[in-house]
S.K.: 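First the structure, then my questions, so here it is.
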Protein chains: 2
Amino acid sequence: MRGTMATIRDVADRAGVAPMTVSRVLNNPDSVSPKTRSRVEAVIAELKYVPNMIGQTLRTNRTMVIALVVADISNPFAIQQIRSVGDTARRDGYTVLFTHTEASEENELTQLRALVQRRVDGIVLAPVTNRPDSVDFVQGQGLPISVIGYPMPGNDVDVVRCDTGTASRQLTDYLLGLGHKRLAMLSGPSEIVSALERTDGFISALRGAGLSPVALRNAPFTVEGGYQMALSVLGGHDRPSAMVTANNFIAIGAAKAARELGMRVPEDVSIATFDNARSDSVLDPFFTGIIQPAAEMAELATGMLLGRLAGDEDGPGREIILPTRFEVHDSTAPPPAAN
Amino acid sequence: MRGTMATIRDVADRAGVAPMTVSRVLNNPDSVSPKTRSRVEAVIAELKYVPNMIGQTLRTNRTMVIALVVADISNPFAIQQIRSVGDTARRDGYTVLFTHTEASEENELTQLRALVQRRVDGIVLAPVTNRPDSVDFVQGQGLPISVIGYPMPGNDVDVVRCDTGTASRQLTDYLLGLGHKRLAMLSGPSEIVSALERTDGFISALRGAGLSPVALRNAPFTVEGGYQMALSVLGGHDRPSAMVTANNFIAIGAAKAARELGMRVPEDVSIATFDNARSDSVLDPFFTGIIQPAAEMAELATGMLLGRLAGDEDGPGREIILPTRFEVHDSTAPPPAAN
DNA sequence: CTGTTAGCGCCTTCAT
DNA sequence: ATGAAGGCGCTAACAG
């Protein structure tokens, strides 16, 4: 079956013209006489000819493909990013090649290498960590890249992100304002910057109120991780009345653990989280928390990349920090009277 | 920056060999003397040479890319499919190009055309409807394709799907067994086969019990659609005691509507659904319902495609029907006594 | 073990 | 308005 696909030459022969004329009909129809054009178009339809972009690419050195590389596809953010990058890129005629890295740095470099081999025109990266290697590699190949979500202190690169450290203080301050004095932080892996940022913000807010954390835990950004951390924290003798969780999966796991221990959310324990899932996909509980504008971040990052591809922009990397949104929902309340 | 990337000729010149030798070092290292090989490898590293697959592709007529085309990326199924197709394809050295069609048939054809232009080696399609046009187009180009999720009566093509009509009867029978006599169906768009199948199964189960539906509704497969349908059905004077919903989004919308009307699930109204979300991503309510093995479907469909690409298989299209799973959770109970 | 030739499909350039 | 020549990066086929 393969190899039967019509080529520009097949069309040309059958229409009695040169391949170049067919090319013109495709790319610059006005430069061909109406008569010739309609004859060629008829043959194109007849042979079901679809131009081979591989040929074009080799000639023009542009694939018109950009890649989106996302660390963790199961995070609801990923969906918004895929949508957003795709929509933005399409407007400029680009197709998006999507890959995910299973949150492994090694995997990330492997994927990036594969993308360079395929000569994508640029890359939008939502990276695993903020180590400079991945960006270095891509830039070393002369490819433009922009990064979503992390500060990249070791690279000169376009970045779009939020300041989740400050947001973490805001979230913690809200719980303090409700009267909580015994707070725990359930964070992500300690080697991941966003987890660190969030823990730091938490601690600094407590310090500002003259308090110390009841517990600081680290685990993977998963339901299971949240569940285990919450079990150990809530099962001890020094129970917190409120927990801050570093992402939505941890929050869900923590709520599960609380429920299993016979505690109600928020009556017995409050949970405030980052990266609250959208109300569209989760009914209950709908968590109080910090929401990052994932779609806007992705759109801006893509826009910056497209700008460089179009040659509109060729200065040093810029960092754009977008504001987060704080939403109060059903998972937080003042501490129980006993506390 | 672009255009600075090293080519095979750059490497060859600098290593003092022919391009062909560099190619051999890359693709068939044993056929090159160790001495030459190490010299070439050194130059490759020095120039950061990354082979250009565009060239290879043009020469070999294989991109080593397969495409996954999914109708609706916001459905949790999509994530599992992306994962599953990617993992399966990678094992055979293929990369996956992912696109989504926003549930528009026109969009689907446009995307498929773009994929053919890029000369992907094959396509896995989770289609919008079961009209034959999309598959016809792809096959007309001599490209192998396999389909996930729908029966494709108009095509000779590999299909992996579930029998959701039968599953719908099973689901409805369960509600009947709980003692429900007044049931409503909240289904998807009437032009989509899966919605029809599910409605038909519902009706046939009721008929088997000598009952008629209290209501049959159609709306988009969204939270909003489910919400509106449930509002109208539960707000009327002929209230059902149980509802079957055609997917997880409709179920969530229906539960929201019930709650707003002051009804508890399942005490006042039961909800049983298709495509129940996994417990990992939704805490409460966790719906009673039918679960399709999305990952297995995608893996099998990809496997069939890869089999055709490898030439292991070239017979007529096969249809594989996988069993669904029925899980009882918290959203169903016997009808209230008053009923 | 290594090199040369040629051509994959297309488009830029130059000619007619 | 149309055509011919050449080359993008790579490798199959054949030589040596």
S.K.: Go through the side-chain N and O atoms of Thr57(A) and Arg119(A) and say whether any donor and acceptor fall under 3.5 Å apart.
M.R.: no
S.K.: Roughly how far, to the nearest 0.5 Å, is CG of Leu115(B) from OG1 of Thr110(B)?
M.R.: 10.5 Å
S.K.: If you round to the nearest 0.5 Å, how far is CG of Leu309(A) from CG of Asp121(A)?
M.R.: 6.0 Å
S.K.: Would you grab the first and last nucleotide of DNA chain C (5' to 3') that comes under 4.0 Å of any non-hydrogen atom in chain B?
M.R.: dC1(C) to dG9(C)
S.K.: Report which part of the nucleic acid Thr57(A) touches: base, sugar-phosphate, or nothing (heavy-atom distance under 4.0 Å, all strands).
M.R.: nothing
S.K.: Between the side chains of Glu191(B) and Thr129(B), does any donor sit under 3.5 Å from an acceptor?
M.R.: no
S.K.: Between Tyr150(B) and Val159(B), is any pair of side-chain heavy atoms under 4.5 Å apart?
M.R.: no
S.K.: So, do Ile192(B) and Phe221(B) sit near enough that their side-chain heavy atoms are less than 4.5 Å apart?
M.R.: yes
S.K.: In the 5'-to-3' direction, what one-character label does each nucleotide of nucleotides 8-16 of chain D receive under the scheme B = base within less than 4.0 Å of a protein heavy atom, S = sugar-phosphate only, - = no such atom?
M.R.: BBBBBB---
S.K.: Under 6.0 Å from the CZ atom of Arg14(A), do we count more than 12 heavy atoms belonging to anything else shown?
M.R.: no
S.K.: Name the one of Ile320(A), Ile148(A), Thr302(A) that satisfies side-chain contact (heavy atoms from CB on, under 4.5 Å) with Met297(A)?
M.R.: Ile148(A)
S.K.: Please tell me if Thr21(A) has a side-chain N or O lying less than 4.0 Å from either OP1 or OP2 of dG3(D).
M.R.: yes
